[in-house]
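Beneath this line is the structure, given in structure tokens, with notes to follow.
Both ligands and their constituent atoms are indexed starting at 1 by order of listing.
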Amino acid sequence: MPVANDAPGVDIEGTDADAESGDLPINELFQSLQGEGRLAGVPSVFVRTSGCNLRCWFCDSYHTSWEPTHDWFTVDDVLAAIEEYDANHVVLTGGEPLIHDSSEDLLARLADRGYHTTVETNGTVVPDAPIDLASVSPKLASSTPTADRDPDGDGEWADRHEERRLDVPTLAELVETYDTQLKFVVTGREDMAEIERLLKRLRDAASTRVRDDDVLLMPEGQTRDQLEATRETVADLVLEYGYRYTPRLHVDLWNDAPGT
Ligand SMILES: C[S@@+](CC[C@H](N)C(=O)[O-])C[C@H]1O[C@@H](n2cnc3c(N)ncnc32)[C@H](O)[C@@H]1O
Ligand SMILES: Nc1nc2[nH]cc(C(=O)O)c2c(=O)[nH]1
Ligand code: SF4
Ligand SMILES: [Mg+2]
């Protein structure tokens with residue numbers, strides 16, 4: 001169910017525009033195969049909220065970040081739409097789903113109903129909610145929308161993005177609280193030094209172990225052609241560094257069309 005719309009945009013700063021109503025801004029809700037990470041290939045219902053506190057230049061969900069569109073759903077409406085599908089796995093994504101307080105309510109009610117939940121998050125917010133798999137994708141310097149890479153202007157989001165994109169204490173709390181995979185979008189070999197530095201800081205800060213097996217490198221690319229240009233390099237880096245590779249199955253299969 002793609003949701004197009006003319007509703008007003010969520011607060012682009014990512015504050016809780018929905019806090020009072022308890023509603024969630026939903027960009028799309030659909031069934032597909034989980035395309036990324038350790039559950040790749042598992043049939044799942046995707047709930048995509050709108051609005052993000054970051055602005056990656058490469059964001060493959062432009063209509064939840066740079067130009068957010070959505071309809072407002074109550075949590076009951078979201079649950080009813082999920083229950084239309086025959087699936088045990090639900091993926092809550094965005095945008096940044098954890099900037100919305102009502103995501104906590106949705107996650108608690110999904111857990112009560114016995115669903116396995118994955119949350120796709122940029123790792124800047126710790127929720128108070130049950131999550132089976134925290135799929136955390138910390139954003140590297142190569143994601144920053146500098147003027148030459150801004151898809152929507154002249155780099156006006158670069159400073160805010162840069163200030164917010166990495167928060168080691170928040171990442172440490174996430175890995176301590178949840179079963180977590182760390183999924184880095186890799187644009188090239190240049191990203192590896194920052195990944196290594198960040199992992200060192202995170203391992204120093206967190207009281208639980210961060211295993212190399214839970215570190216996934218994902219090639220950057222919104223289309224088959226773009227992925228073709230990055231995936232072999234990323235596979236080589238995985239072999240060299242001893243992490244894991246994650247494909248982007250939905251790009252291979254459907255070229256990341258809406259609703260896939
Ligand atoms: C659209 S984001 C939504 C969740 C959250 N805001 C985040 O970034 O993790 C979903 C996933 O897609 C990844 N992603 C976004 N654009 C991408 C691109 N061009 N190539 C590869 N992965 C991308 C993100 O890193 C994240 O793992
Ligand atoms: N099939 C499919 N798998 C995905 N895994 C994470 C996604 C996301 O956008 O968060 C995603 C997505 O958009 N589609
Ligand atoms: S954090 Fe996620 S949703 Fe936000 S701009 Fe980056 S990739 Fe897109
Ligand atoms: Mg996606």
Side-chain angles (χ1 to χ4, degrees), residues 10 12-14 25 27-30 32-40 44 46-70 91-100 103 118-125 127 131 133-145 149-152 157-158 160-162 164-167 170-171 174 180-188 191 195 215-231 233-234 245-260:
V10 284
I12 56 163
E13 288 291 329
N27 174 266
E28 54 177 356
L29 195 156
F30 59 94
S32 186
L33 303 182
Q34 170 56 281
E36 306 169 6
R38 71 161 93 122
L39 294 178
S44 307
F46 289 80
V47 178
R48 190 182 304 286
T49 60
S50 200
C52 189
N53 55 348
L54 299 182
R55 290 292 184 281
C56 307
W57 67 267
F58 55 55
C59 183
D60 65 8
S61 302
Y62 183 86
H63 289 287
T64 66
S65 52
W66 290 97
E67 198 179 276
T69 62
H70 49 271
V91 180
L92 178 61
T93 183
E96 177 45 56
L98 299 181
I99 63 174
H100 306 295
S103 289
T118 298
V119 177
E120 304 286 348
T121 175
N122 60 29
T124 59
V125 179
I131 296 173
L133 175 61
S135 179
V136 179
S137 184
K139 293 299 176 290
L140 303 173
S142 59
S143 70
T144 299
R149 289 190 301 201
D150 184 334
D152 195 37
W157 259 87
R160 254 177 298 176
H161 179 95
E162 194 54 39
R164 294 174 176 178
R165 68 184 173 83
L166 285 182
D167 178 348
T170 296
L171 290 170
L174 285 167
T180 299
Q181 64 185 13
L182 294 170
K183 193 172 58 167
F184 292 101
V185 175
V186 177
T187 61
D191 291 333
I195 293 174
V215 177
L216 313 181
L217 306 189
M218 178 161 72
E220 192 279 322
Q222 299 184 45
T223 64
R224 288 185 186 120
D225 287 349
Q226 288 165 359
L227 267 191
E228 178 116 32
T230 48
R231 66 181 169 207
T233 306
V234 175
Y245 179 88
T246 171
R248 286 173 55 73
L249 285 183
H250 48 307
V251 180
D252 295 339
L253 288 166
W254 302 296
N255 215 21
D256 207 17
T260 65

side-chain contact (heavy atoms from CB on, under 4.5 Å) partner of Ser65, the single match among Pro151, Pro145, Cys52, Ser50: Cys52

Per-ligand residue contacts, ligand 1, heavy-atom threshold under 4.0 Å: Glu36, Phe58, Cys59, Asp60, Ser61, Thr93, Gly94, Gly95, Glu96, Glu120, Thr121, Asn122, Ser137, Lys139, Lys183, Val185, Met218, Pro219, Glu220, Gly221, Gln222, Arg248

side-chain hydrogen bond (donor to acceptor under 3.5 Å, both in side chains) partners for Asp152, two or more places apart: Tyr62

Counting only N and O atoms by type, is there a donor-acceptor contact under 3.5 Å from the side chain of [X] to the main-chain atoms of [Y]?
X      : Y      : answer
Asp60  : Gln222 : no
Trp66  : Cys56  : yes
Arg165 : Thr124 : no

Asp191 vs Ser142, side-chain hydrogen bond (donor to acceptor under 3.5 Å, both in side chains): CA-CA, chis, key distance, verdict: CA-CA 7 Å; Asp191 291 333; Ser142 59; 2.9 Å; yes

Residues forming a ring pair (Phe, Tyr, Trp, His ring centres under 6.0 Å) with Phe184, sequence neighbours excluded: none

Distance filter under 2.8 Å, centred on atom 6 (Fe) of ligand 3 - protein N, O or S atoms that pass it: Cys56 SG

Donor-acceptor pair between Asp225 and Thr223 side chains, under 3.5 angstrom: no

Numbered atoms and elements of ligand 3 in range of Gly95, under 4.0 angstrom, heavy atoms: 3 (S)

Heavy-atom side-chain proximity of Leu217 to Ile195 below 4.5 angstrom: yes

